[in-house]
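This report refers to the structure that appears directly beneath it.
Just so it is clear, the structure is predicted and the values come from calculations on it, not from any experiment.
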Amino acid sequence: MREEKTRIYLLRHGETVNTKGEFRYNGHYDVDITRTGEEQLALQAQKLKERPIRKVYSSGLLRSVKGARTLAAAVDAE
């Protein structure tokens, strides 16, 4: 009997909008992603498109939700 293995992919959101032009950690602040961040998310989704991904989970923060939606659409997952 062959065991089916679960594989978990951990992805980070794309580049975020920073206030006052300085780098900072956003933590729980709900900041959006930049156009570059959107392109990064699309590239991640393309790289994972052929993987057997069934579910995509994220936090409720805007930047994470955008990434999850981009990936879920590319792999046709929930």
Side-chain angles (χ1 to χ4, degrees):
M1 182 159 133
R2 184 175 172 173
E3 242 182 78
E4 191 173 320
K5 295 184 181 181
T6 299
R7 185 170 295 223
I8 298 173
Y9 297 93
L10 299 176
L11 303 178
R12 189 158 167 81
H13 54 76
E15 178 184 80
T16 58
V17 175
N18 293 317
T19 59
K20 301 178 187 171
E22 59 191 39
F23 177 80
R24 68 178 210 167
Y25 295 99
N26 295 304
H28 293 284
Y29 293 106
D30 199 9
V31 298
D32 204 352
I33 57 173
T34 64
R35 170 65 82 197
T36 298
E38 291 174 3
E39 292 168 2
Q40 291 167 339
L41 292 172
L43 182 60
Q44 286 179 345
Q46 282 297 349
K47 288 183 177 185
L48 294 171
K49 190 173 184 172
E50 302 303 318
R51 303 288 179 165
I53 297 172
R54 293 180 289 192
K55 299 248 184 197
V56 177
Y57 298 91
S58 79
S59 76
L61 295 173
L62 180 61
R63 60 190 180 265
S64 298
V65 170
K66 282 187 174 184
R69 286 184 179 151
T70 301
L71 178 60
V75 299
D76 195 29
E78 288 185 55

> Rounded to the nearest 0.5 Å, how far does CG of Leu62 lie from CG of Asp32?
Replying inline: 4.5 Å
> Distance from Arg63 atom CZ to Leu41 atom CG, nearest 0.5 Å?
Replying inline: 12.0 Å
>> Go through it in stages, so that I can follow the logic: the residues are Lys66 and His13, the test is side chain to side chain contact (heavy atoms under 4.5 Å, CB included), and I'd like the CA-CA distance, side-chain angles, deciding distance and then a yes or no.
In response: CA-CA 8 Å; Lys66 282 187 174 184; His13 54 76; over 6 Å; no
For the student: nearest non-hydrogen atoms of [X] and [Y], plus distance:
X	Y	result
Val31	Thr16	CG2-CB, 3.9 Å
Ala74	Lys49	O-CG, 3.5 Å
Gln40	Gly14	OE1-CA, 3.2 Å

> Under 3.5 Å, is there a donor-acceptor pair between the Ser64 and Ser58 side chains?
Replying inline: no
> Sub-3.5 Å donor-acceptor pair from the side chain of Gln44 to the main-chain atoms of Leu71, do we have one?
Replying inline: no
>> Applying side chain to side chain donor-acceptor pair (under 3.5 Å), can you list everything that pairs with Glu50, at least two apart in sequence or on another chain?
In response: none
> Do you reckon Leu48 sits in the same ILVMFWY cluster as Val56, going by side-chain contacts under 4.5 Å, direct or chained?
Replying inline: yes
